[in-house]
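Comments concern the structure below.
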Amino acid sequence: MNIEVFTLFPGWFDWLREQRHVRNAEGLGHVLSPVDLRAATPLPAGKVDDAPYGGGAGMVIRVDVVEAALRARYGADPVELPGQRRVIALAAGGRRFDDALATELAAEPGLTLLCGRYEGFDERVHEHLASDVVSIGPYVLSGGELAAMVICDAVLRKLPGSLGHGESAVEESFSPALEGAPEYPHYTRPAEWRGHRVPDVLISGDHARVREWRRDRSRERHAALER
Ligand code: ADE
């Protein structure tokens with residue numbers, strides 16, 4: 001998978017690319033490339049934004065700037081791009097990112113993530129240059145970069161082999177293996193800490209009972225979230 005992240009802060013992604021599962025994914029041939037949204041701007045002095053029509057605070061990233069950045073990277077007319085690959089604009093008001101969407105995106109051969117700043121993108125970016133508008137939660141971030149990192153992290157760890165040996169993304173919170181429920185609690189040594197004991201069943205060696213206990217705890221947590 002190739003993930004290209006269009007951002008005004010490409011250097012922020014150096015940290016992400018140093019993390020183990022991202023390096024593992026890159027070692028397997030997947031590529032995470034930050035692309036400088038400013039580099040191909042047609043405006044003077046590296047300008048990328050403008051004041052909103054109708055007035056109001058803040059600046060808006062221009063549609064022609066995003067168009068130029070996409071054209072410089074992919075060559076083709078950027079309005080054709082959403083028909084060819086997922087182009088995801090990050091915005092607080094978008095479709096909520098969840099495990100199902102992470103799984104869906106992990107099956108794509110390539111992803112383009114567009115990080116807004118200031119008041120976000122001109123709406124025509126969402127309408128004509130993106131295939132999806134995605135939010136990581138109902139709160140406003142200073143820009144799409146952290147949201148893009150969340151998506152990269154959640155998607156890359158689903159690629160086979162990107163987690164270390166013995167780790168698996170199959171049976172974890174919100175996965176189909178757990179019927180979309182949060183994961184069950186985990187314990188490790190010591191078996192007793194300040195009078196708090198690990199549940200006996202986990203030390204019993206009875207795998208069927210362990211499985212049942214875990215499924216019950218997971219369902220319990222799910223029910224608590226739904227309340
Ligand atoms: N940009 C600003 N806030 C955001 C959010 N919650 N999710 C995605 N992108 C954003």
Side-chain angles (χ1 to χ4, degrees), residues 1-17 19 21-22 25 32-41 46-70 73 78 81-82 85-108 110-159 169 173-174 180 182 225:
M1 163 179 289
N2 281 296
I3 306 183
E4 275 105 38
V5 186
F6 288 71
T7 167
L8 294 171
F9 302 96
W12 288 23
F13 290 82
D14 293 347
W15 169 82
L16 184 63
R17 295 185 61 209
Q19 305 312 308
H21 63 291
V22 179
L32 170 58
S33 323
V35 181
D36 187 352
L37 199 45
R38 210 183 289 279
T41 180
K47 188 176 157 76
V48 294
D49 57 355
D50 233 315
Y53 280 120
M59 300 290 273
V60 177
I61 298 188
R62 288 174 52 138
V63 62
D64 51 352
V65 167
V66 178
E67 177 189 26
L70 290 168
R73 180 71 185 198
L81 207 54
R85 62 193 273 129
R86 298 292 278 267
V87 181
I88 299 168
L90 284 322
R95 168 183 174 186
R96 190 70 54 81
F97 186 65
D98 59 11
D99 189 73
L101 182 52
T103 302
E104 193 182 309
L105 297 180
E108 295 285 333
L111 297 177
T112 300
L113 303 180
L114 305 176
C115 303
R117 275 270 136 187
Y118 320 118
E119 290 303 304
F121 292 112
D122 183 300
E123 186 64 18
R124 290 166 291 185
V125 171
H126 298 175
E127 289 171 353
H128 304 293
L129 297 178
S131 58
D132 306 76
V133 183
V134 172
S135 167
I136 61 162
Y139 39 78
V140 180
L141 300 166
S142 312
E145 283 75 14
L146 292 175
M149 289 191 205
V150 165
I151 292 176
C152 288
D153 186 291
V155 168
L156 289 174
R157 68 195 302 287
K158 286 193 181 282
L159 300 178
S173 290
F174 316 115
L225 276 185

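In listed order, ligands and their atoms are each counted from 1. Hydrogens, waters and symmetry mates play no part in the numbers below; they use all other heavy atoms, side chains included. Please read these numbers as outputs of a predicted model, since none were measured by experiment. Counting from 1, the numbers follow the sequence of the chain as shown.
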statement: In terms of heavy-atom contacts, Leu37 and Val65 come closest through O-CG1, 3.9 Å
Backbone N/O of Gly46 and side chain of Thr41: donor-acceptor pair under 3.5 Å: no
- line: Using heavy atoms and a strict 4.0 Å limit, residues surrounding ligand 1 turn out to be Leu90, Ala91, Ala92, Val134, Ser135, Ile136, Gly137, Tyr139, Val140, Leu141, Gly143, Ala147
Quiz: residues 139-155 side-chain donor-acceptor pairs under 3.5 angstrom, not counting sequence neighbours:
residue	atom	partner	partner atom	Å
Tyr139	OH	Ile136	O	3.1
Glu145	OE1	Arg117	NE	3.1
Glu145	OE1	Arg117	NH2	2.9
Glu145	OE2	Thr7	OG1	2.7
Asp153	OD2	His21	NE2	3.1

field: Carboxylate-amine/guanidinium proximity below 4.0 Å for Arg62 and Asp64
entry: yes
- request: Report yes or no: does Ser135 contribute a side-chain atom to a donor-acceptor pair with the main-chain N or O of Ala92 at less than 3.5 Å?
  value: yes
task: Report the residue from Ile88, Val87, Asp132, Leu32 that forms a side-chain contact (heavy atoms from CB on, under 4.5 Å) with Leu113.
output: Ile88
